[in-house]
> 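Below you will find the structure I want to go over with you.
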Amino acid sequence: MWQQILQNVRSYDTPQINMIATSCTLGGGVLLVYWLLSRHRMKTLEMGEGWWGPGERPTRDKEDEEIRPFQVQTSEKEIQDLHLCLDLARYTPPLEGAAFNYGFNSNYLKKVVSYWRNQFDWQKQVKILNQYSHYKTTIEGIEVHFIHVKASPSSNAKAVRPLLMVHGWPGSFYEFYKIIPLLTDPAAHGLHGEDVVFEVICPSIPGYGFSEAPHKQGFDTLAAARIFHKLMQRLGFQEYYLQGGDWGSRITTNMAQMLPNRIKGLHLNMVFESNIGLSGLVSLLLGAYVPWLVGLTREDARRLFPYFKKHVYTILRESGYLHIQATKPDTAGCGLNNSPVGLAAYILEKFSTWTDNSFLNLDDGGLERKYSLDDLLTNVMIYWVTSSIVPSMRFYKENLSQNPNTLPDARIAVHVPTGIAAFPNELAHVPRSWAKRKFKNIVTYSYMPQGGHFAAFEQPQLLAQDIRQFVKKVEHL
């Protein structure tokens, strides 16, 4: 065969040979360019489709896309029923000197319940909840609740940008009530000369608060991401910023992976990155001694290594709830859904230790050092009056029933501009060198001076400032 090819080539004259050579060169160049472009082509998550309402999807062609005003309401009966449950509560005395090391200290729990029963004014808090405009709309068969706060018309900022903020567990949309005015009307809070203000949208994750719970198995962060994209499109936004912590971080990250062309920027105060790779393992081994050699800063080393070397037990202690909720959420949830006292203990214990791990050693869990009881109990009441603790716990099972490294989003990088606010008391610290494995365009990475897991609730000023600085860099303002 090769002899025949050579004979054919010898039969060509010189111009023919030159033309063939040129064609081969051009063809090879085109193939090379195509290979390089395809190699760097941005991979995205499939949007997919879902139906989470009861029964089969209706045969009608189009879902009702009406956006309906909504108000939080209460009644005397609702309050009386709550008081009856509080009056019937039983307590087990704590061990001497236990503080919060065994969980919520029942001596302090009695004080919280006494305040809840005799001083907490739910009707007043409902008015506070309704200070912002609430709405509901039906997406994929379930009602999705959200608040929508437009930028102050008195603002002289150069730019107004839509910002979707997503909460986590055991929080709610109420976590954002103190940060919203700092973002939408900074001048009214002494922040003059800001170049950018925000139009803020805060949805409740389906199954949380006033968003309807999915009626079918399988509702995970990918489904929530798709639903929130549909929400933003329904509101008329073509491009928008995202912000999230806890589950909100995972959901907004999925949103950036799905439709990167719609996302102007992604800001996170918690990073989900389960696969740190071989270099990450090496940095754990060597980082405490030579952090610079493995891409860590001194601050990374300070935050990482006391935790990993001396407090591995902390990981087990603080993740017990996760194992329950990722396996049998309905069993534990039954008790919480029927006991407001049990519900408060279960939720508020997280606001203690996830805000500052050292609060374990305080008899009151340090809760009132960072929050007011009115704010804490308002968040608990959102779970209580909506009976949403069980579906909120199911979200763990839906997302953690598989190896996270084998899920579709684990293999897709995030290319949109990303800002990360690393709070020192977060459950786990993720250095920039680890985060950039997934987030390929980190515009800002901030070592926050103080604060823990519930950043918007605990440190609204610090978080608002970091969001603004991130967006300014993205916008070149």
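Here the structure is a predicted model, which is why all the values come from computation and not from measurement.
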> At what distance, to the nearest 0.5 angstrom, does NE2 of His415 lie from NZ of Lys440?
7.0 Å

> Asp246 and His167: side-chain donor and acceptor closer than 3.5 Å?
no

> Salt bridge (charged side-chain N to carboxylate O under 4.0 Å, His left out) with Arg411: which residues, sequence neighbours excluded?
none

> Can you see whether Asn254 engages Gln257 through a side-chain donor-acceptor pair at a distance of less than 3.5 angstrom?
yes

> Does any N or O in the side chain of Thr252 come within less than 3.5 Å of the main-chain N or O of Ser249, such that one atom is a donor and the other an acceptor?
yes

> Measure from the side-chain N and O atoms of Ser152 to the backbone N and O of Thr184, and report whether any donor-acceptor pair falls under 3.5 Å.
no

> Between Glu458 and Lys370, is the closest basic N to carboxylate O distance under 4.0 Å?
yes

> Whether the Glu212 and Trp52 side chains hold a donor-acceptor pair (N or O, under 3.5 Å, no angle test) is what I'd like checked.
no

> Give the intermediate values and the outcome of salt bridge (Lys or Arg N to Asp or Glu O under 4.0 Å) for residues Glu140 and Arg226.
CA-CA 10 Å; Glu140 298 189 4; Arg226 182 179 62 248; 2.6 Å; yes

> If you draw a 6.0 Å radius around OH in Tyr115, do more than 12 non-hydrogen atoms from other residues or ligands fall strictly inside?
yes

> Would you please say whether a donor-acceptor pair under 3.5 Å links the side chains of Asp364 and Asn105?
no

> Do other residues, nucleotides or ligands put more than 12 heavy atoms under 6.0 Å from Lys127 NZ?
no

> Is the Trp354-Phe359 ring centre distance short of 6.0 angstrom?
no

> With distance as the sole criterion, is a donor-acceptor pair present between the side chains of Asp300 and Thr297 under 3.5 Å?
yes

> Strictly by modelled atom types, are Glu199 and His148 linked by a side-chain donor-acceptor pair under 3.5 Å?
yes

> Would you say the ring centers of Tyr396 and Tyr321 fall short of 6.0 Å from each other?
yes

> Between the side chains of Arg394 and Asn399, does any donor sit under 3.5 Å from an acceptor?
no

> Does Thr406 use its side chain to pair, donor to acceptor, with the backbone of Asn403 at less than 3.5 Å?
yes

> Under a 3.5 Å distance rule, please check whether Glu175 uses its side chain to pair with a backbone N or O of Ser172 as donor and acceptor.
yes

> Considering residues, nucleotides and ligands other than Lys436, do more than 12 of their heavy atoms fall under 6.0 Å from its NZ?
no

> Using modelled atom types only, decide if a donor and an acceptor are shared between the side chain of Ser319 and the backbone of Leu322 within a distance under 3.5 Å.
no

> Any carboxylate oxygen within less than 4.0 angstrom of a Lys/Arg side-chain nitrogen, looking at Arg302 and Glu299?
yes

> Using the rule side chain to side chain donor-acceptor pair (under 3.5 Å), only one of Asn130, Thr378, Asp375 pairs with Gln125; which is it?
Thr378

> Is any side-chain heavy atom of Val144 closer than 4.5 Å to a side-chain heavy atom of Lys136?
no

> Return the CD1 to NZ distance between Ile467 and Lys472, rounded to the nearest 0.5 Å.
13.0 Å

> Taking all atoms of both residues into account, what is the closest heavy-atom pair of Pro417 and Val443, and its distance?
CB-CG2, 3.7 Å

> Give a yes or no on whether the backbone of Ile389 and the side-chain of Ser392 come within a donor-acceptor separation of less than 3.5 Å.
yes

> I want to know whether Trp247 and Tyr208 have ring centres closer than 6.0 Å.
no

> Taking His323's backbone N and O only, do any of them form a donor-acceptor pair with Thr327's side chain (distance below 3.5 Å, no angle check)?
yes

> Tell me whether Glu475 is salt-bridged to Lys264, with the criterion being a basic N under 4.0 Å from an acidic carboxylate O.
yes

> Working note: Ile205 + Trp169, criterion side-chain contact (heavy atoms from CB on, under 4.5 Å); need CA distance, chi angles, decisive distance, verdict.
CA-CA 10 Å; Ile205 299 170; Trp169 187 91; over 6 Å; no

> Verify whether one side chain among Thr355 and Tyr371 offers a donor that lies under 3.5 Å from an acceptor in the other.
yes

> Do Tyr135 and His145 have ring centroids that are under 6.0 Å from one another?
no

> Would the Phe210 and His134 ring centres measure less than 6.0 Å apart?
no

> So which of Val160, Val471, Asp185, Leu183 actually passes side chain to side chain contact (heavy atoms under 4.5 Å, CB included) with Val197?
Val160

> With rounding to the nearest 0.5 Å, note down the distance linking OH in Tyr241 to CD1 in Ile201.
13.5 Å

> Glu78 vs Ser75, test: side-chain contact (heavy atoms from CB on, under 4.5 Å). Steps then yes/no.
CA-CA 5 Å; Glu78 183 176 70; Ser75 66; 3.5 Å; yes

> Answer with yes or no after comparing the ring centroid distance for Tyr132 and Tyr177 against a 6.0 Å cut-off, counting only values under it.
yes

> Establish, from distance only, whether the side-chain atoms of Asp374 and Gln119 form a donor-acceptor pair under 3.5 Å.
no

> If every non-hydrogen atom of Val72 is compared with every non-hydrogen atom of Val126, which pair is closest and at what distance?
O-CG1, 3.3 Å

> Tell me if a side-chain donor or acceptor on Arg468 pairs with a main-chain N or O of Leu463 at a distance below 3.5 Å.
no

> Between atom CG of Asp356 and atom CG of Asn425, what is the distance when rounded to the nearest 0.5 Å?
4.5 Å

> Would Asn441 and Thr418 count as having a side-chain donor-acceptor pair, cut-off 3.5 Å?
no

> Between Asp466 and Ser446, which heavy-atom pair has the shortest distance, and what is it?
OD1-OG, 2.5 Å

> Do Tyr174 and Ser204 have side chains that get closer than 4.5 Å, going by heavy atoms?
no

> Find out whether Asn379 and Met381 are in side-chain contact, i.e. whether some heavy atom of one side chain is under 4.5 Å from a heavy atom of the other.
no

> Keeping the roles fixed (side chain from Asn269, backbone from Gly452), state whether a donor-acceptor pair exists under 3.5 Å.
no

> Rounded to the nearest 0.5 Å, what separation is found between the CG atom of Asn337 and the OG1 atom of Thr386?
8.5 Å

> side-chain contact (heavy atoms from CB on, under 4.5 Å) for Leu336 and Met393? Distances and angles first, verdict last.
CA-CA 11 Å; Leu336 301 178; Met393 293 166 69; 3.9 Å; yes

> Let me confirm one number: the OG1-CG distance from Thr353 to Leu362, rounded to the nearest 0.5 Å.
11.5 Å

> Of all heavy-atom pairs between Leu360 and Ala99, which one has the smallest distance, and what is that distance?
O-CB, 3.3 Å

> Any side-chain donor-acceptor pair under 3.5 Å between Tyr91 and Asn107?
no

> Could you verify whether a donor N or O on one side chain and an acceptor N or O on the other, from Glu426 and His453, lie under 3.5 Å apart?
yes

> Return the minimal non-hydrogen interatomic distance between Trp116 and His83, and the atom names on each side.
O-NE2, 4.4 Å

> Considering non-hydrogen atoms only, spot the tightest contact between Pro170 and Phe351 and give its length.
O-CE1, 3.8 Å

> Is the backbone N or O of Cys334 less than 3.5 Å from a side-chain atom of Asn338, with the two atoms forming a donor-acceptor pair by type?
yes

> Assess whether side-chain hydrogen bond (donor to acceptor under 3.5 Å, both in side chains) is satisfied between His229 and Tyr240, documenting all intermediate values.
CA-CA 10 Å; His229 268 308; Tyr240 33 93; 2.7 Å; yes

